[in-house]
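Just so it is clear: chains get the letters A, B, ... in the order the sequence lines come, proteins before strands, and each one is counted from 1. Predicted model, so just to flag it, every value in this text is computed and none were measured.
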There are 2 protein chains.
Amino acid sequence: MRYAPEHNEATRERILEAAARLFREHGIEAVGLAKIMADAGLTVGTFYTHFKSKEALLREALLRSLQDRNAALEQALRAGDLETAVRAYLSPEHRDEPGTGCTIAALAAEVARHPRATRQTFASNAKPSLDVIAESLSKRRGKKASLADAAAFLGLLVGTLQLARATPDRAESTAILEAGVRAAIQLAE
Amino acid sequence: MRYAPEHNEATRERILEAAARLFREHGIEAVGLAKIMADAGLTVGTFYTHFKSKEALLREALLRSLQDRNAALEQALRAGDLETAVRAYLSPEHRDEPGTGCTIAALAAEVARHPRATRQTFASNAKPSLDVIAESLSKRRGKKASLADAAAFLGLLVGTLQLARATPDRAESTAILEAGVRAAIQLAE
DNA sequence: ATTATCTATAGATCTATAGATAATGC
DNA sequence: ATTATCTATAGATCTATAGATAATGC
């Protein structure tokens, strides 16, 4: 059934959005193509009309979700200061919503075990966030922060969020988030 | 074939060691019981003589590898200072050897998606490391550091190591590790 | 006699492909 | 006529179980 060109594009979009969410929520390995396609309102047979393989889908889903997060971070830093952005990142809401949250916190450990091309996609699409963090740190410190410095700062946020997510006691988990905010503020000096 | 009691114990031990290493290297979902049993020199049928389920094995493997790492950290902090321990943690060697490395960096994100009982095991067996980090930070700062403060400090190490592991360019990856060391030293002030 | 191990297999899943069907453009 | 979708299935894996085999203790 030959549809309008927008139809194909819109379907591909739905698949990508489902994948970007499900991968962050459950992990890459834990989510099958059938689940992704069902969430996009399709059956699994159609998958290969839109993507070459699960790994190809993963790369596009990483690109997509990292770009979304980059844009949100840039906007947050334009609107407010670094401290406000840190508080939003280390919030109970972000902890409890991995499906729409930070791709790096959700998937960095798993992506590290994937082929180099996938890690390339991951690293190059995380870079804009590192750029704006480096800029923000440089301004605040009055001294140039490198991309690696920005990565360490982001590492603090990522690691702290993961520990908060893994901690079963809610109060302890929230205390970890708060300690993370204090640590980030200290590190930004 | 009824063996000596030590035989059963030794076999169980080999399975646990294989699991603790393979889970950290490849992730929990990515490693099948057949692979773990083969690495322990057995076939998959024997697995259920020793463990109730894969989840039960995971809990024991987490306990095992976290306890190993706790002991190593305590010893490192008895022998040297916090800065030396941080340099060892954020070293290229640790980055390149996840199978024997930090359980938290390797598995926290995945464990966060497992049942509460598994997260309990994870959290309670990570606690001794938090205790010694809190003690070390308290001494260095001349001011009491809470467990949550220790978690944020550990979060910096965990997140930075993960970013270094996910970064395909070796030089960039190593620069991230070095920036992580500087950040940890600053945070320990 | 006991029991750790093996082979074999059940039943569910996974990624990927084949071929039929049907909705639209020309 | 084209092609996005469907159903069906291949072939590989996964966790878990059943029943036979064999190595040791009593």
Side-chain angles (χ1 to χ4, degrees), chain A residues 1-62 107 110-111 113-115 117-118, chain B residues 1-62 107 110-111 113-115 117-118:
Chain A
M1 31 183 169
R2 183 202 276 173
Y3 293 94
E6 315 87 72
H7 182 268
N8 196 340
E9 190 63 25
T11 301
R12 191 186 156 84
E13 206 64 14
R14 284 208 317 283
I15 299 170
L16 265 178
E17 271 158 32
R21 183 174 50 77
L22 290 168
F23 284 154
R24 278 180 283 182
E25 267 177 25
H26 305 293
I28 301 156
E29 188 93 25
V31 177
L33 297 178
K35 171 71 176 153
I36 293 167
M37 295 305 281
D39 268 43
L42 297 161
T43 59
V44 70
T46 317
F47 177 78
Y48 294 90
T49 306
H50 296 278
F51 298 95
K52 196 175 111 277
S53 63
K54 187 184 181 183
E55 197 68 26
L57 169 66
L58 169 61
R59 282 171 207 164
E60 293 220 45
L62 287 173
L107 300 178
E110 194 167 2
V111 164
R113 298 162 184 135
H114 275 253
T118 303
Chain B
M1 30 182 168
R2 182 204 278 173
Y3 294 94
E6 315 88 70
H7 182 269
N8 195 341
E9 190 63 26
T11 301
R12 194 187 154 84
E13 206 62 15
R14 285 207 316 283
I15 299 170
L16 265 178
E17 272 158 31
R21 183 173 51 76
L22 289 168
F23 285 154
R24 278 179 283 182
E25 267 177 23
H26 305 293
I28 300 156
E29 187 94 24
V31 177
L33 296 178
K35 171 70 176 154
I36 293 168
M37 294 306 278
D39 268 44
L42 296 161
T43 58
V44 70
T46 317
F47 177 78
Y48 295 89
T49 305
H50 297 279
F51 299 94
K52 198 175 110 275
S53 63
K54 187 183 182 184
E55 197 69 26
L57 169 66
L58 169 61
R59 282 171 206 165
E60 293 222 45
L62 287 174
L107 300 178
E110 194 167 2
V111 164
R113 299 162 184 135
H114 276 254
T118 303

Participant: In chain order, what residues pass the salt bridge (Lys or Arg N to Asp or Glu O under 4.0 Å) check against R14(B), with sequence neighbours excluded?
Facilitator: none

Participant: For residues 25-41 of chain A, tabulate all N or O donor-acceptor pairs below 3.5 Å that involve a side-chain atom, not counting sequence neighbours.
Facilitator:
{"residue": "K35(A)", "atom": "NZ", "partner": "D39(A)", "partner atom": "OD1", "Å": "3.2"}
{"residue": "D39(A)", "atom": "OD2", "partner": "R21(A)", "partner atom": "NH2", "Å": "2.8"}

Participant: Of all heavy-atom pairs between R12(B) and H50(B), which one has the smallest distance, and what is that distance?
Facilitator: NH1-O, 2.8 Å

Participant: Rounded to the nearest 0.5 Å, what's the gap from OG1 on T11(B) to CD1 on I15(B)? Could you check?
Facilitator: 6.5 Å

Participant: Please name the pair of heavy atoms, one in R24(B) and one in R113(A), separated by the smallest distance, quoted to 0.1 Å.
Facilitator: O-NH2, 3.4 Å

Participant: Taking only N and O in the side chain of H7(A), is any of them less than 4.0 Å away from OP1 or OP2 of dA23(C)?
Facilitator: no

Participant: Tell me every residue that passes side chain to side chain donor-acceptor pair (under 3.5 Å) with E17(B), counting only those two or more places apart in sequence or in another chain.
Facilitator: none

Participant: Determine, for nucleotides 12-18 of chain D in 5'-to-3' order, which nucleotides have protein heavy atoms under 4.0 Å from the base (write B), from only the sugar-phosphate (write S), or from neither (write -).
Facilitator: ---SBB-

Participant: Stem list for DNA chain C, please, built from Watson-Crick and G-U wobble pairs under 3.5 Å and keeping only runs of at least 3.
Facilitator: C:1-24 with D:1-24

Participant: Looking only at side-chain N and O atoms, does T43(A) come under 4.0 Å of OP1 or OP2 in dC6(D)?
Facilitator: yes

Participant: Going by number, which of residues 11-18 of chain B have a non-hydrogen atom under 4.0 Å from DNA chain D?
Facilitator: none

Participant: Considering only residues two or more places apart or on different chains, which pairs with a residue in residues 40-53 of chain B satisfy salt bridge (Lys or Arg N to Asp or Glu O under 4.0 Å)?
Facilitator: none

Participant: For residues F23(B) and A61(B), report the shortest heavy-atom separation together with the two atoms involved.
Facilitator: CD1-CB, 4.2 Å

Participant: Taking only residues two or more places apart in sequence, or in another chain, which ones meet T118(B) in a side chain to side chain donor-acceptor pair (under 3.5 Å)?
Facilitator: E55(B), R59(B)

